[in-house]
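Let me begin by presenting the structure, written as structure tokens, before commenting on it.
Throughout, a chain's letter reflects where its sequence line sits, starting with A, and its residues are numbered from 1. Just so you know, these numbers come straight off a predicted model, no measurement behind them.
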Amino acid sequence: MRRPGAVSISMTFDLFSSPEPTPSPAPSPLLDGLNAEQAAAVTLPDAHALILAGAGSGKTRVLTTRIAWLLHMGRVSPGGILAVTFTNKAAREMQARLGAMLPLNIRGMWMGTFHGLCNRMLRAHHQAAQLPATFQILDMQDQQSAIKRLIKQFGVDEERFPPKQVMWFINGCKEEGMRPGDVSVRDEESRKKVELYQLYQDQCQREGVVDFAELLLRSYELLRDHAPIRDHYQRRFRHILVDEFQDTNRLQYLWLKQLAGTGSSVFAVGDDDQSIYAFRGARVGNMADFVREFDVQHQIKLEENYRSHGHILDSANALIAHNTQRLGKNLRTAQGAGEPVRVFEAPSDLAEAAWLVDEMKHLSRDDGVPLHEIAVLYRSNAQSRVIETALAQSGLAYRVYGGLRFFERAEIKHALAYLRLLETPSDDTSFLRVVNFPARGIGARSIEALQTQARALGLPLYTAAKGMTGRAGTLLQSFVALIEVMREQAQGLSLREVVDLMLEQSGLVEHYRGERDGGDRIENLQELASAAEAFVRLEGFHTDQAALPTTSEGVTLTQGLASQGLSGDALDQAMLESRDAPGGQPAPDYVDLDTGETLSPLAAFLTHAALEAGDNQAQAGQDAVQLMTVHASKGLEFDVVFITGLEEGLFPHENSAADTAGLEEERRLMYVAITRARQRLYLSHTQTRLLHGQSRYNFRSRFLDEVPSECVQWLTPKSGGFGSGVGASLAHGGQYGRMPAWSKDSGFGRSASNAYPGQPAWSAPNLTNAPLERPPVQTSAGQALRAGMQVFHNKFGEGKVLAVEGSGTDGKAQVSFTRHGTKWLSLAVAKLTVVET
DNA sequence: CGCTCAAATCTTTTT
DNA sequence: GATTTGAGCG
């Protein structure tokens with residue numbers, strides 16, 4: 001693929017080739033405490049650069065300081081920066097650190113995950129991207145059920161084409177940047193899969209939904225196929241910074257390439273030894289490609305580790321040295337050897353858990369280690385259960401990351417489906433989820449008939465339902481009426497009120513009231529309403545604020561592009577408007593650059609729910625032991641780390657150990673795990689483990705033997721490698737073969753991921769950051785705005801304000817225009833004038 | 001048609 | 001163990 005924006009903009013170029021105004025040798029205090037390599041990375045000139053940052057080498061610090069430094073030196077304004085991470089957690093952390101470093105308003109920056117940024121871009125240009133303004137995002141559950149539906153519909157053999165596999169195939173294609181037409185077909189099987197891919201694609205388009213991978217692919221194609229949009233962003237983003245570059249997949253790489261214009265500098269930070277996402281398409285090779293294709297002149301290695309003591313680091317180095325596919329890098333530390341790595345062998349998983357708890361108690365009580373500085377890592381989520389049970393028994397506070405997240409819980413997904421139908425009636429996935437939940441007498445037969453009818457008419461289920469006849473028809477129509485009434489009543493209500501309304505009208509709350517175990521679920525539903533309220537309140541200074549361009553090279557977009565739904569003039573106009581906005585407020589998220597039309601708070605909330613599965617940062621302040629998978633631990637660090645379940649078949653996982661590539665990824669995973677520890681590291685394995693409902697007898701993990709013995713202290717006698725007493729473990733088998741009775745009534749189960757019984761696992765973001773007094777909602781001209789007022793819009797004419805949300809000029813207003821219907825407008829962008837109060 | 005109970009199946013890691 | 005499918009009853 002050719003470099004996209006190959007149009008040379010000489011003006012931009014001149015800006016950068018001219019010598020720096022005054023590289024005043026007076027070093028900024030920003031650089032204090034950085035070592036030579038870190039400082040060099042931070043102060044690199046405006047050019048592409050690759051930073052090979054080993055674990056614990058201050059990667060995030062370099063990244064944030066680089067941004068701060070660029071801003072501080074006046075090299076770029078916040079609006080010219082795009083910083084991309086993989087997880088919401090990482091994005092938040094970067095945001096927080098940067099905020100602490102700079103008094104500057106950093107809201108003009110685009111900072112977020114690949115998916116979050118792509119979503120934002122698609123919302124802003126949904127017409128050009130050929131998506132409805134309210135497109136919904138499918139998570140993996142939704143995607144799988146959509147595919148299942150498709151497979152059933154076309155009578156495909158579910159045995160030969162399991163929905164899950166088809167899903168992996170489709171996502172795999174998308175991650176390579178391939179549409180159905182681009183996939184080479186070799187055999188009958190792949191032909192069928194490609195056909196399903198195409199059918200799936202059509203279905204999504206019809207229903208107005210996109211999956212995760214589609215967010216990226218669509219955004220990439222938007223940039224590739226629309227020169228004015230591409231040019232706009234290329235000129236805007238002078239500095240593109242990428243975290244965890246080793247985890248980018250083909251498509252993400254291509255996306256970055258589209259964004260990087262002639263005047264942009266890409267600053268990529270990565271560590272090939274920490275590449276642990278090859279299973280979902282990550283290509284370490286992107287690092288080499290980047291160097292070659294971007295002609296990277298600046299490469300810096302950060303090898304000084306500031307995190308771990310010597311024995312821990314030596315273990316990590318020795319372990320990773322067993323991998324052959326490496327760029328080569330060795331970490332060193334200035335700290336002492338520290339304590340040895342302790343290894344423990346337990347007879348069973350229960351015994352392992354008991355030992356863990358015991359050891360953690362000692363650490364907490366005798367050594368004064370705060371609980372939140374202790375992490376228990378495991379390879380797969382299933383392993384957390386035993387540990388949780390033991391912890392709950394002991395009374396130690398703990399918190400589990402991952403597992404079932406808030407927005408993935410069944411009751412929440414149901415509630416969200418109702419809300420989604422209010423926004424996007426064509427969303428068949430949501431329709432099917434709740435059409436008969438709670439039960440309304442609409443059974444499989446009725447639904448099948450409806451689907452046939454809808455297909456014949458080429459209509460969404462929702463619309464087709466209106467035309468159904470008979471008993472089933474009556475029931476279906478009353479369901480549609482239910483939604484319509486809800487939508488009607490929702491007019492002018494705040495988001496919180498809409499959610500409350502839905503919870504009542506849908507009958508969800510009532511349904512769960514009748515269930516014996518429904519208490520937790522009702523609590524969660526109520527939590528959803530609170531979360532919605534908090535979302536609106538926080539939106540004003542939400543981290544992912546889309547800012548409009550603040551840079552202006554004075555280059556005008558000239559080509560006639562009205563045909564693409566967005567004219568160059570409109571873009572420029574929006575740029576000007578945003579710059580002229582009072583107080584230099586950036587435009588809020590998801591705003592149409594032309595009219596200021598924006599998503600409704602509901603639509604924005606639904607997006608938020610899809611993109612941040614409730615990745616709970618709640619209780620982050622609480623002092624609790626941290627439980628998570630090794631994958632989830634990347635980027636974190638703790639004083640004390642336990643790596644559990646070090647057994648062949650588990651870690652390395654049996655599904656990966658077959659080929660070298662898989663095994664090496666497992667080893668990198670172990671490397672990541674080890675390097676999370678600052679002071680103390682414990683490794684443990686068991687002779688027998690209850691897995692899939694039956695006992696398994698595993699050999700000790702080979703990784704234990706790849707750690708140098710001089711770093712290790714065995715807490716239990718080291719047995720002679722293989723088998724370490726399989727006979728003995730058999731004896732234990734019966735003893736531990738059954739779950740103890742107390743595991744039943746220990747209050748776990750549904751809310752197992754809850755460290756503090758009685759509180760939902762997820763709760764609204766910390767509200768203490770919110771100002772106590774919220775400024776009244778006002779127009780960009782400073783006029784206060786309330787429901788009932790008559791207003792005038794440049795494009796839409798006269799209208800009446802129905803509702804307002806948010807605060808100050810960050811707010812949104814719902815306006816019913818006489819000629820253009822009801823719209824949500826962003827007050828920072830939309831030119832509204834109050835006609836009559 | 002809906003609900004309940006029993007059997008069968010499948011279990012890695014995640015935005 | 002958890003989730004999904006199937007059979008049988010009201």
Side-chain angles (χ1 to χ4, degrees), chain A residues 84-91 112-119 137-141 143-145 148 158-159 162-165 168 171 174-175 210-216 243-244 247-249 251-252 275-282 349 377-386 389 401-405 407-408 410 436-448 471-472 475 514-515 610-613 615 628-634 645 649-657 662 665-666 668-670 672-673 689-694 696 738-739 743-744 748-750 752:
Chain A
V84 56
T85 61
F86 275 84
T87 63
N88 295 305
K89 198 162 56 182
T113 62
F114 276 101
H115 294 85
L117 298 174
C118 286
N119 169 63
I137 299 169
L138 301 183
D139 64 13
M140 284 204 313
Q141 283 178 46
Q143 190 185 10
Q144 206 180 327
S145 71
K148 208 175 216 169
E158 252 188 273
E159 303 285 294
K164 208 171 233 160
Q165 253 187 51
W168 280 92
N171 288 343
K174 290 188 178 184
E175 276 156 8
V210 298
D211 57 51
F212 283 137
E214 184 73 15
L215 283 172
L216 280 155
D243 192 15
E244 309 279 16
D247 286 332
T248 51
N249 61 34
L251 181 55
Q252 285 157 339
S275 159
I276 55 176
Y277 286 106
F279 74 93
R280 66 166 202 222
D349 49 350
L377 309 184
Y378 34 81
R379 175 66 235 270
S380 60
N381 279 309
Q383 289 167 251
S384 75
R385 184 163 221 91
V386 205
T389 315
Y401 286 77
L404 191 58
R405 299 214 252 298
F407 287 115
E408 290 168 356
N436 197 36
F437 192 95
R440 307 190 166 81
I442 303 171
R445 298 290 281 267
S446 311
I447 288 169
E448 222 166 278
R471 195 178 99 85
L475 291 170
E515 261 193 4
L611 251 27
E612 297 204 33
D615 180 271
M628 67 191 84
T629 63
V630 180
H631 282 91
S633 77
K634 189 153 81 148
L650 201 62
F651 199 2
H653 197 276
E654 51 199 346
N655 295 3
S656 305
E665 176 144 317
E666 292 288 313
R668 289 192 295 270
L669 207 42
M670 181 68 185
V672 167
R689 175 178 297 278
L690 210 55
L691 209 62
H692 312 163
Q694 56 183 350
R696 297 189 26 166
R738 199 171 302 148
M739 285 295 271
S743 73
K744 268 216 188 84
F748 281 94
R750 190 135 282 130

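- If you take CG of Asn655(A) and P of dT11(B), they are 8 Å apart, rounded to a whole angstrom.
- Comment: Arg280(A) does not engage Glu175(A) in a salt bridge, judged by the lack of any side-chain N to carboxylate O separation of less than 4.0 angstrom.
- Classification of Arg445(A) and Glu448(A) as a salt-bridged pair fails, no side-chain N sitting under 4.0 Å from a carboxylate O.
- Taking atom CG on Asn171(A) and atom P on dT13(B), their separation rounds to 17 Å, with Å as the unit.
- Taking the P atom of each, dT4(C) and dT13(B) are spaced 16 Å apart, rounded to whole Å.
- Closest to the Phe212(A) side chain, of the nucleotides dT15(B), dA2(C), dT13(B), is dT15(B).
- When each of Thr113(A) and His653(A) is assigned the nucleotide of DNA chain B with its nearest heavy atom, His653(A) is the one assigned upstream, toward the 5' end.
- Contact between the side-chain N/O atoms of Lys148(A) and the OP1/OP2 oxygens of dT5(C) is found at a separation under 4.0 Å.
- Looking at Lys89(A) and Glu612(A), no side-chain N of the basic residue comes within less than 4.0 Å of a carboxylate O on the acidic one, giving no salt bridge.
- Contact annotation: Thr87(A) does not reach the phosphate of dT14(B) (side-chain N/O to OP1 or OP2, under 4.0 Å).
- Nucleotide dT13(B) holds its C1' atom 14 Å from the CD atom of Glu175(A), rounded to whole Å.
- Residue Phe86(A) is in sugar-phosphate contact alone, with no base atom involved, counting any heavy-atom pair closer than 4.0 Å across all strands shown.
- Within the structure, every side-chain polar atom (N or O) of Asn88(A) is placed at least 4.0 Å from both OP1 and OP2 of dT14(B).
- Taking the ring-ring contact (aromatic ring centres under 6.0 Å, His included) definition, one finds that His631(A) meets it with Tyr277(A), Phe279(A), sequence neighbours left out.
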Check step by step if side-chain contact (heavy atoms from CB on, under 4.5 Å) holds for Ile137(A) and Leu215(A). CA-CA 8 Å; Ile137(A) 299 169; Leu215(A) 283 172; 4.3 Å; yes
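- For Lys164(A) and dT9(B), the NZ to P distance is 16 Å, given to the nearest whole Å.
- At the heavy-atom level, Tyr277(A) lies under 4.0 Å from the strands shown only through sugar-phosphate atoms.
- Within the structure, every side-chain polar atom (N or O) of Arg689(A) is placed at least 4.0 Å from both OP1 and OP2 of dG1(C).
- The CD-P distance, from Gln141(A) to dA2(C), rounds to 16 Å in whole Å.
- Between the CD atom of Glu666(A) and the C1' atom of dT12(B) there is a distance of 8 Å, given to the nearest Å.
- Closest approach to the Trp168(A) side chain among dT15(B), dT12(B), dT13(B) is made by dT13(B) (side chain taken as heavy atoms from C-beta onward).
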Name the pairs: protein N/O against N/O of nucleotides 1-4 of chain B, kept only if under 3.5 Å.
unit_1 : atom_1 : unit_2    : atom_2 : d
dC1(B) : OP1    : Ser446(A) : N      : 3.4
dC1(B) : OP1    : Ser446(A) : OG     : 3.0
dG2(B) : OP1    : Asn436(A) : ND2    : 3.2
dG2(B) : OP1    : Gly441(A) : N      : 3.2
dG2(B) : OP1    : Gly441(A) : O      : 3.4
dG2(B) : OP1    : Ile442(A) : N      : 2.6
dG2(B) : OP1    : Ile442(A) : O      : 3.3
dG2(B) : OP1    : Gly443(A) : N      : 3.3
dG2(B) : OP2    : Gly443(A) : N      : 3.1

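- Of the candidate nucleotides dT15(B), dT13(B), dT11(B), dT15(B) has the atom lying nearest to any side-chain atom of Met140(A).
- The only member of Asp243(A), Val84(A), Thr85(A) that meets side-chain contact (heavy atoms from CB on, under 4.5 Å) when paired with Thr113(A) is Thr85(A).
- With dT15(B), dT12(B), dT14(B) as the candidates, the nucleotide lying closest to the side chain of Thr629(A) is dT14(B).
- Comparing dG1(C), dT11(B), dT14(B) by their nearest atom to the side chain of Arg385(A) picks out dG1(C).
- Taking atom CD1 of Ile276(A) as the reference point, atom P of dT14(B) lies 9 Å away to the nearest angstrom.
- Look at CG on Asp349(A): it is 11 Å from P on dG1(C), rounded to the nearest Å.
- Checking Gln383(A) against Asp349(A) by side-chain atom types alone, no donor-acceptor pair falls below 3.5 Å.
- Here Glu158(A) does not pair with Lys148(A) in a salt bridge; the nearest charged N to carboxylate O distance is not below 4.0 Å.
- With dT13(B), dT11(B), dT14(B) as the choices, the nucleotide that has an atom nearest any side-chain atom of Ala632(A) turns out to be dT14(B).
- Using a 4.0 Å heavy-atom distance criterion, Asp139(A) is classed as making no nucleic acid contact.
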